[in-house]
Amino acid sequence: MTTEYEVVIGLEVHVELNTDSKMFCSCPTTFGAEPNTHVCPICLGMPGVLPVINRKAVEYTIRAALALNCQVAKYSKFDRKNYFYPDLPKNYQISQYDLPLATGGYVEISVDGKKRKIGIRRVHLEEDAGKLLHEGTGPKTSLVDFNRTGVPLIEIVSEPDLRSPEEARLYLNKLRTILHYTGVSDVKMEEGSLRCDANVSIRPLGSEVFGTLTEVKNMNSFRAVERALAYEVERQKEILERGEKVERETRGWDENRRITVSMRGKEEAHDYRYFPEPDLVPLEISRDWVEEIQERLPDMPDERQARLVRELGLPEYDAEVLTSSKDLADFYDACVKHYPEAKTVSNWVMGEVLGYLNEKGLEITDLPFRPEDLAGLLRLIDKGTISGKIAKQVFQEMCKSGKAPETIVEEKGLKQITDESEIAAIVEKVMEDNPKVVEDFRGGKEKALGFLVGQVMKATRGKANPQLVNRLFRERL
Ligand code: ADP
Ligand code: MG
Ligand code: ZN
């Protein structure tokens, strides 16, 4: 008999805030600079220097916490987390221990059409460490870049509420979308502005007590998180099936081999000898400030999604896709303002626009034309100036040149031919050239008409009005 297990997952997500300057000094935070150029005595941890709290970083943390439905603390403080690592010049990290800036929030995910609330245990503010570079530096050599040292970082700790690797991925996606809406971070996993450690355990189905967890690190994509967790679940199952115990440890994900490897026994809070940071005063967060930040918070993806369904009658699926980023949702809303057929606009944005962006690896903000121009294109179809098929051609041209659709139609001579006598002449010519097909049609082969219409379209390079062509053929056949 095999035991059925329940999977338990909790994620610790680190997000770099996109403030202009670092957490405790005025060094810039820009990504990709020459190594060790964005440093000063404070972020290099020289003796005797004094940190100063970046107000913007505190504000951004509160902003993110509110977007995650958290309670913002009235009183909060920073603590020293002591450990040695070559990327940490001070030998301690300024973080928050027992009085984080925010607690008790949640993120809603949708799993197989059902909504699930995933608890957020805490959101705290800390400073990032430097970056070690192990590659291409010769044997037994590593280099360190301190540009990242001291960049404001928030840690978002979930409750152990996730029940599958897939839920973990959905949660991460939702979290990223929400944070992106708030604008406090670029949330780019490939640039390291979003990083995730995953805690996972299993327990016999129905059991009330949690199993022993392992923590998995070093995943560099959401897919990798999902794969690493799936691997870890299987590994733990096999251990339990053998009658052995899972060891509480930190493991690293090896993307090439698609396995997790033991790194070290999992550290516990007391290993870090936390104590209050003596160089910083505690924070008293006024309710007025929190309210002010709350008021400036934009609508979150869930609200916008619901509004698209409620007010514009879009299907849930469309609404979800269109609100997957704030910029996309803004673009869509702007299009609808200029062309109120919501579903038609949705089809174009989800089909042509996203298709083009995916193909080129671009963002919606990279489009060289305005929402008004897409609306203008749709109006050209309505007016019969161009056919839907030609419109797709014009759209591609808009993407390339950024020109207005009217201009492109004019310049390329793409205007639909609606002059009946002009098309009639072509129709007659096509009938003359294809007597056999004409016979077929008259003998009852409906499909033959499609071929004849196609010939006219070919002759006019798609510019003949299809309804008109059809009618003219039927009159003559
Ligand atoms: P700490 O890091 O303070 O020791 P925990 O390790 O208990 O706190 O929690 C850290 C993360 O691990 C949280 O995201 C939490 O949801 C998750 N977690 C806690 N217990 C388990 C468990 N048994 N299985 C999986 N995840 C867990
Ligand atoms: Mg932990
Ligand atoms: Zn500095």
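In listed order, ligands and their atoms are each counted from 1. We're numbering straight along the sequence, starting at 1. If you're wondering where the values come from, they're calculated on a predicted model, not measured in any experiment.
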| request: Could you note down all residue pairs passing side-chain hydrogen bond (donor to acceptor under 3.5 Å, both in side chains) where residues 30-50 supplies at least one of them, sequence neighbours left out? | output: none
| Does CD belonging to Glu4 count more than 12 external heavy atoms closer than 6.0 Å? | no
| field | Distance-only polar pair, side chains of Glu16 and Ser193, donor-acceptor under 3.5 Å | value | no
| Derivation and outcome, salt bridge (Lys or Arg N to Asp or Glu O under 4.0 Å), residues Arg235 and Glu238 | CA-CA 5 Å; Arg235 193 188 66 85; Glu238 281 170 27; over 6 Å; no
| request: Give me the ring orientation class for Phe395 and Phe369: parallel if the planes are under 30° apart, tilted from 30 to 60°, perpendicular past 60°. | output: perpendicular
| Should the heavy atoms of other residues, nucleotides or ligands under 6.0 Å from OH of Tyr317 be counted, would the total exceed 12? | no
| So, do Glu352 and Tyr356 sit near enough that their side-chain heavy atoms are less than 4.5 Å apart? | no
| task | Run the numbers for me: atoms of ligand 1, each under 4.0 Å from some heavy atom of Gly10, listed by number. | result | 14 (O), 16 (O), 17 (C), 26 (N)
| Salt bridge check: are Asp333 and Arg304 linked by an N-O gap of less than 4.0 Å? | yes
| Per-atom contacts of ligand 1 with Leu11, taking only distances under 4.0 Å to non-hydrogen atoms | 14 (O)
| said: Is a donor from one side chain sitting under 3.5 angstrom from an acceptor on the other, for Tyr85 and Gln93? | reply: no
| field | Atom indices of ligand 1, in the order listed, that fall short of 4.0 Å to a heavy atom of Val157 | value | 13 (C), 14 (O)
| field | Ile9, any N or O under 3.5 Å of ligand 1 N or O | value | no
| query | When you look at NZ of Lys392, are more than 12 heavy atoms from neighbouring residues, nucleotides or ligands closer to it than 6.0 Å? | reply | no
| Atoms of ligand 1 less than 4.0 Å from Glu159 heavy atoms? | 16 (O)
| message | Considering Val209, Asn199, Thr214 one by one, which has a heavy atom nearer to atom 17 (C) of ligand 1 than any of the others? | response | Asn199
| task | Mind checking how many protein N/O/S atoms fall short of 2.8 Å from the Zn ion (ligand 3)? | result | 4
| field | Atom indices of ligand 1 within 4.0 angstrom of Gly211 heavy atoms, with elements | value | 23 (N)
| task | With heavy atoms under 4.0 Å as the rule, classify the contact between Leu213 and ligand 1 as side chain, backbone, both or neither. | result | side chain
| Of all the atoms in ligand 1, which lie at a distance below 4.0 Å from a heavy atom belonging to Ser201? | 22 (C), 23 (N), 24 (N), 25 (C)
| note | Given the options Lys22, Arg148, Lys90, Glu127 meets salt bridge (charged side-chain N to carboxylate O under 4.0 Å, His left out) only with Lys90
| message | Tell me whether ligand 1 is touched by Arg121 - counting only heavy atoms on the residue side and a distance under 4.0 Å. | response | yes
| request: Find all atoms of ligand 1 within a distance of less than 4.0 Å from any non-hydrogen atom belonging to Val8, and give their numbers and elements. | output: 24 (N), 25 (C)
| task | Run the numbers for me: atoms of ligand 1, each under 4.0 Å from some heavy atom of Ser158, listed by number. | result | 13 (C), 14 (O), 15 (C), 16 (O)
| said: Does Lys403 have more than 12 heavy atoms from other residues, nucleotides or ligands lying within 6.0 Å of its NZ? | reply: no
